[in-house]
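Following: one structure in structure tokens, then a few remarks.
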There are 4 protein chains.
Amino acid sequence: MTASTTPSDRALARRQQVLDAAAECFRRRGFHAASMAEIAKTAGMSPGHIYNLFENKDDIIAAIVERDCEDVLGRIAAFQQEEDLLQRMLAETEQAIDEHSQVAEAALQLEVLAEASRNPKLATVVQQSEALVNRKAQELIRQSLGERADDLPPGEIQGRALLLGALFNGLTVLSVRQPALSQHAPAMAPVMRRMLRVLMAP
Amino acid sequence: MTASTTPSDRALARRQQVLDAAAECFRRRGFHAASMAEIAKTAGMSPGHIYNLFENKDDIIAAIVERDCEDVLGRIAAFQQEEDLLQRMLAETEQAIDEHSQVAEAALQLEVLAEASRNPKLATVVQQSEALVNRKAQELIRQSLGERADDLPPGEIQGRALLLGALFNGLTVLSVRQPALSQHAPAMAPVMRRMLRVLMAP
Amino acid sequence: MTASTTPSDRALARRQQVLDAAAECFRRRGFHAASMAEIAKTAGMSPGHIYNLFENKDDIIAAIVERDCEDVLGRIAAFQQEEDLLQRMLAETEQAIDEHSQVAEAALQLEVLAEASRNPKLATVVQQSEALVNRKAQELIRQSLGERADDLPPGEIQGRALLLGALFNGLTVLSVRQPALSQHAPAMAPVMRRMLRVLMAP
Amino acid sequence: MTASTTPSDRALARRQQVLDAAAECFRRRGFHAASMAEIAKTAGMSPGHIYNLFENKDDIIAAIVERDCEDVLGRIAAFQQEEDLLQRMLAETEQAIDEHSQVAEAALQLEVLAEASRNPKLATVVQQSEALVNRKAQELIRQSLGERADDLPPGEIQGRALLLGALFNGLTVLSVRQPALSQHAPAMAPVMRRMLRVLMAP
DNA sequence: GATGAATGAGCCTTCATTCAT
DNA sequence: AATGAATGAAGGCTCATTCAT
């Protein structure tokens, strides 16, 4: 009758609870400083039970990265519906800058990346996520270019997609390096728009 | 007796030893995984003695950040001697991309930033460093613009400087997200050059 | 309805399943390293249900010891049918040595004994088992001696039975101390036969 | 000046403290039930410091086994000075039986052996110890036989040494299987003497 | 200045056991 | 009878930091 309370579904819901709790703790304290005990308490379950849902602490960040990746892909997909991509991006530049400037979220992302550079399993997840996002970014650029995409030299689209990623990732870094950054969003927006045109227009 | 081995000088040299050792360990293992014992061994002194030179472990990364900052400022200063800045940057784009793609170094930087978002003392150091670098970046841009700098709307230079920083920091992130990145440097270079023109030319 | 699947009978069969699974796990991993979860999985039932059949983990080894004891008693009883016990034992010495040199089985027995020295409940089971086996050993020796048994000083039979037990238990220990032992079985057999004569012949 | 307080010597003394404490705890609670915290407390030092002296908990039993082995070898060596070995052994049979019947010590030995069957590092230590003791046992037997040793078939000495070991190890097992064993020492002694003659006399 | 022995809090993880269903 | 989700105590081990020498 109730497909939503299938054992597996329950476990899935519990996993989400843990992921939410862990993300919160990681943001608050950092990955290493957040203890499993704290995560368990935040998730409203016992430390031991977390290990029925995840292999270990590393497995939790890996799952967070995967979930975030799906989230990003979803947002990109929604974007792709847009008629004139570039116009939309230019219209929302200030907002995009703000979104990439949430310090707590940024810190978590940076820490995950640092961790990934030494944890092979996490590295795999991160790189596969990135590969998916990069592919979508290329699609976005092609879509924005329309038929003129075919005239570009090989590698050009890839180069643009990478730098588009770098630009937004760079904002994330800046938000930690200069938490006052948000005050400068108005100053950055016009310049940003010019860069977006370079990346997405012919 | 000998002025060159004044206690203070000796201590300074010892500090450098520790900083070198710590940077090496941090790059190799990460900030949290590198133990004081390992750092002490690498630096060729006892763990206890490190505490005569630094207040604690956090203090060591703070000092590393400061030293790195001075290094960057020095390189920027050398750059400022250049006649035609933009030409030089365009000529060295590939090399600049490569330099920002050293994974181990990148990981350490990201970890430091993540740490800084939760450690006020480190945050201060990071933000002051960033402020200095940002000021230099603005000088660079002004210099590149020449007298036309004065025609720009207020905040424009700051916006450019910030995005210039974001772009390079973004490459650092990318080098962790896509360690295969270096293969794409040739594809990125032409696009990168166009972006540099947007940021540094009138 | 069907007498052969009476609740009690079913429970008994389930208990055997658990004992088989547990013995296997204990042999493979050791008593402490074998988890109830693993035993349950091996037995093809849930961890929770094991607690409907046994009071706790200790209770399981106790039951294994009891079962093993019955097994040994059965084999001794079969032996007792023999016309000339001593001849039979001398004929099968090599085989007996081999049987007592199975490392995995030996390890489990030693572990159980160690455990018994601190767990009163298990101690009771072990000591009662041993008492039964010892009585049978005395019968065996008496049978082998025939009417000459009556000429022996009091306690002599008990002394022989104990040392007979010690000798075989010693082989078990040796099989762990020297896993290469089986290579030496041929060297031990002749000596062993002389010792058996000392213990079982007049 | 004081060679006995050399750093290395101090560490050695600390190690002995730990070994004494650990042996006591292991005898009292068993290897798995004895916690490092308890051992540390018994040894009068912090848990952390034990890890400056030993690699881990397993390393501690390994060291205990090695120390015990040296102890046994020492006692055998003292025995070897004896003019008439067999006479001495026959004279001290009751005492030897008693010595091998200390339940607590026996339990520890059995547990170590069980552990060794699954822990390769410990297995190495146990087997090397056993090899040394076995060699000494062969020497003992040769010495007892005098020149008649040369008339024996090859392997005979080894067979005797192994069974000599088995016999005493068997007593250790019996002391756990039948803690009341000591009451039977008088009954066992005469039989034991005959077995010793079989093993050590021509 | 320099050592390194020593501390002890705290972490991740495991697992026997329980209980609602 | 049977499940398996859930608990929570406890364990081995690490490591920043201190301090007597």
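Convention: sequence-line order gives letters A, B, ...; per-chain numbering from 1.
Rounded to an integer number of Å, the gap from CD of C:Glu38 to C1' of F:dG4 is 17 Å. Rounding to whole angstrom units, CZ of residue D:Phe31 and C1' of F:dG12 are separated by 10 Å. For the pair C:Ile60 CD1 and E:dT17 P, the computed distance is 9 Å after rounding to whole Å. A:Asp58 has its CG atom 7 Å from the P atom of E:dT13, to the nearest Å. One can place CG of D:Leu53 at 13 Å from C1' of E:dT7, the figure rounded to the nearest angstrom. Taking atom CD1 of A:Ile39 as the reference point, atom C1' of E:dC11 lies 12 Å away to the nearest angstrom. Atom-to-atom, NE2 of A:His32 to P of F:dC15 comes out at 11 Å; the value is rounded to the nearest Å. The distance from atom CD of B:Glu55 to atom P of F:dA16 is 16 Å, rounded to the nearest whole Å.
Residues A:Asn52 and A:Met45 have side chains not in contact (no heavy-atom distance under 4.5 Å, counting atoms from C-beta outward). The shortest side-chain heavy-atom distance between B:Asp20 and B:Arg67 falls under the 4.5 Å cut-off.
Nucleotides of DNA chain F nearest to D:Pro47 and C:Gly48 differ in position, and the one nearer the 5' end is that of C:Gly48. With DNA chain E read from its 5' end, the first of the two nearest nucleotides for B:Ile50 and C:Lys57 is the one closest to B:Ile50.
The line from CD1 of A:Ile60 to CD1 of A:Ile50 is 5.5 Å long, rounded to the nearest 0.5 Å. To the nearest 0.5 Å, atoms CD (D:Glu55) and NZ (D:Lys121) are separated by 4.5 Å.
Backbone-only contact: D:Ala34 has heavy atoms under 4.0 Å from sugar-phosphate atoms and none from a base. Backbone-only engagement by D:Asn56 is indicated by non-hydrogen atom pairs under 4.0 Å involving sugar-phosphate atoms exclusively. Nucleic acid contact for D:Ala33: none, since no nucleic acid atom lies under 4.0 Å from a heavy atom of the residue. The residue D:Met36 sits close only to the backbone: its heavy atoms come under 4.0 Å of sugar-phosphate atoms, none of a base.
For D:Tyr51 and F:dT14, the shortest distance from a side-chain N or O to OP1 or OP2 is not below 4.0 Å. Contact annotation: D:Arg10 does not reach the phosphate of F:dT21 (side-chain N/O to OP1 or OP2, under 4.0 Å).
Stems are defined here as 3 or more consecutive Watson-Crick or G-U wobble pairs with pairing distances under 3.5 Å; those involving DNA chain E are E:2-21 with F:2-21.
With E:dG1, F:dT3, F:dA6 as the candidates, the nucleotide lying closest to the side chain of A:Ser46 is F:dA6. When distances run from any side-chain atom of B:Arg14 to the nucleotides E:dA16, F:dT17, E:dA2, the shortest one goes to E:dA2. Here the nucleotide nearest the side chain of A:His49, chosen from F:dT3, F:dA6, F:dA16, is F:dA6.
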Practice item. Determine, step by step, whether A:Glu115 and B:His32 satisfy the side chain to side chain contact (heavy atoms under 4.5 Å, CB included) criterion, reporting the C-alpha distance in whole Å, the side-chain angles of both residues, the deciding distance to 0.1 Å, and the verdict. Key: CA-CA 10 Å; A:Glu115 194 68 21; B:His32 288 99; over 6 Å; no
Practice item. Could you go through the side chain to side chain contact (heavy atoms under 4.5 Å, CB included) check for A:Val112 and A:Asp68 one step at a time? Key: CA-CA 12 Å; A:Val112 164; A:Asp68 284 358; over 6 Å; no
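A salt bridge links A:Glu111 with B:Arg118: the distance from a Lys NZ or Arg NE/NH1/NH2 to an Asp or Glu carboxylate oxygen falls below 4.0 Å. A salt bridge does not link C:Arg15 to C:Asp59: none of the charged side-chain nitrogens sits closer than 4.0 Å to a carboxylate oxygen.
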